[in-house]
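Before we start, here is the structure in question, set down as structure tokens.
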Number of protein chains: 2
Amino acid sequence: MPKKAASKKRERDPEGTRQALIDATVRLMLQQGFAGTSVDMICKEAGMTKGGFFHHFESKEALGKAAVEWWGQMGASFYNAAWQNTAIGALERLHQMLDIMSGFTMRKDENCVCMVGMMSQELASTNPVMQAACAKELQSWNDQVALMLAEAKKQLKPATNFDPKAVAWFLNSLWQGSMLVGKAVDSQAMIRANLKLARTFVDSLFDK
Amino acid sequence: MPKKAASKKRERDPEGTRQALIDATVRLMLQQGFAGTSVDMICKEAGMTKGGFFHHFESKEALGKAAVEWWGQMGASFYNAAWQNTAIGALERLHQMLDIMSGFTMRKDENCVCMVGMMSQELASTNPVMQAACAKELQSWNDQVALMLAEAKKQLKPATNFDPKAVAWFLNSLWQGSMLVGKAVDSQAMIRANLKLARTFVDSLFDK
DNA sequence: TGTTACATACCGACCGGTTTGTATGCCAAA
DNA sequence: TTTGGCATACAAACCGGTCGGTATGTAACA
């Protein structure tokens, strides 16, 4: 969403340059992590020089934060197809979300990995700024899922009482862990199998 | 286990020095990750100099591999209390394992984190040596859990048929993801809640 | 037992290259 | 003519790893 209407053809496109830097960061850090990715590499990947980079971001950390936030928005825009689907019941929405997640494992030449999970694992215990940024994204994902679970509880008979937020954290953790383990054992099929089991777990929360 | 009886007092202790380097590595990398931890820092932490370090390990990567392997042995020695407990049934052994995992969240001044998970997340996609080392540890954990699940299947009536290995990967992923998310949102209680839900999930695989 | 010969454990200076970040200046758009 | 976007050049610290040297232990042999 550009702040000014891009009516004229712009030769200079600071907003685009900034986004190009974020895109390059995501691409590289998803492969190599934060510390393993240098500002020089990011600049090269984005077709930019260091001076230009530091014009847009005051530090590497600030860029990392921006990249995590962008990843969160990006993700939400995918998940919204399920989250906002008021045409179907809450449990079906959860199913649809799991299908979307499964879809992430199907892309050719692109592994199913998460920027938030990677930055959390690497930086959460030493970098408060990045930790807060990651926690925020995980929180908001969780809130959405908990919302659906709470709604499903109203629409259906829960088999036993359960805490929507706790179950959401369960699914959140499973998802992050699946991507982590999937990368190590190099199996996207395992991630899909996990999501299938997650579906039966969610179903088992409700009667019938 | 020294090769020769240590009857005399030894001033030099290469085995101990090597282990001290591994210990220091685990301590530091658990906080800062692989790339975020320099060889100099490790040497300082272990009270050793760089020259000495490279006498014991040919590279930083070799040390990382050794640290991951040591972590795997360390973990197995904890889990064995459950894995090898032939006095109880397989499902009870699974319960006991989940309790052990829960215990990891209770330690003061020590977060519940995993060396294997951290190295996987950071290095699996760029460093084949570390990826293989991590995959091996995750595999062997999984094999042990799958074994218990298969045995439980024989001892009890499964509610529905399930694949022990797939369920083991599910639990493995949940466990890794719980530690990851727990670090980001700074909540060991959430990890414990996840493990409790894992227990009900495992129980739901069997009738009654 | 004393001596010689050698292997092992360890030290710390040093190397080339890379790191994040800065200082400065050019050039096009407003 | 001013301002903002970007490039060039540079700084100072730090990186993994090497190297020459020393201290310590062991084995063979006289």
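Chain letters run A, B, ... following the sequence lines, proteins first and then strands; every chain starts at 1.
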| query | What is the ring orientation for B:F170 with A:F170, classed by angle as parallel under 30°, tilted 30 to 60°, or perpendicular over 60°? | reply |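 If you compare the ring of B:F170 with that of A:F170, the planes turn out tilted.
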| request: Starting from P on D:dC15, measure out to CZ on B:F34 and report it in whole angstrom. | output: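 One finds 13 Å between P of D:dC15 and CZ of B:F34, rounded.
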| B:H55 vs C:dC10: side-chain N/O to OP1/OP2 distance below 4.0 Å | no
| field | Partners meeting ring-ring contact (aromatic ring centres under 6.0 Å, His included) with B:F54 (sequence neighbours left out) | value |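 By the ring-ring contact (aromatic ring centres under 6.0 Å, His included) rule, B:F54 matches no residue at all.
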| Counting only N and O atoms by type, is there a donor-acceptor contact under 3.5 Å from the side chain of A:Q131 to the main-chain atoms of B:A184? | yes
| request: Please confirm whether any donor atom in the side chain of B:K50 sits under 3.5 Å from an acceptor in the base of D:dT18, or the reverse. | output: no
| message | Please report the distance, rounded to the nearest Å, between CD1 in A:I42 and C1' in C:dT19. | response | 12 Å
| field | Distance, rounded to the nearest Å, where A:D40 contributes CG and C:dG17 contributes P | value | 15 Å
| With respect to the phosphate group of D:dC6, does any side-chain polar atom (N or O) of A:T17 fall under 4.0 Å of OP1 or OP2? |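 For D:dC6, OP1/OP2 do have a side-chain N/O of A:T17 under 4.0 Å.
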| query | Ion pair present between B:R93 and B:E151, side-chain N to carboxylate O less than 4.0 angstrom? | reply | yes
| task | Identify whether any heavy atom of B:T49 sits under 4.0 Å from a base atom; if not, whether one sits that close to sugar-phosphate; answer base, sugar-phosphate or nothing. | result | base
| Spacing of B:R18 atom CZ relative to C:dA9 atom P, expressed in whole Å | 11 Å
| Pair A:K65 + A:E61, salt bridge at N-O below 4.0 Å | no
| Quick one: A:F57 CZ to D:dG5 C1', roughly how many Å, whole number? | 14 Å
| request: Tell me whether the OP1 or OP2 atom of D:dG4 has a side-chain N or O from A:H56 closer than 4.0 Å. | output: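 Checking A:H56 against D:dG4: no side-chain N or O falls below 4.0 Å of OP1 or OP2.
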| note | Whole-Å distance, B:F54 CZ to C:dC11 P, equals 14 Å
| field | B:E15 CD - C:dT8 P separation (whole Å) | value |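 That distance rounds to 14 Å.
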| request: Could you list the residues that satisfy ring-ring contact (aromatic ring centres under 6.0 Å, His included) with B:F34, not counting sequence neighbours? | output: none
| task | Apply side-chain contact (heavy atoms from CB on, under 4.5 Å) to A:V116 and A:W141, showing your working. | result | CA-CA 11 Å; A:V116 177; A:W141 190 93; over 6 Å; no
| What are the residues of residues 58-71 of chain A, sorted by number, that bring a heavy atom to within less than 4.0 Å of DNA chain C? | A:S59, A:K60
| request: Figure out the CE/C1' separation between B:M48 and D:dG16, and round it to whole Å. | output: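 For the pair B:M48 CE and D:dG16 C1', the rounded distance is 17 Å.
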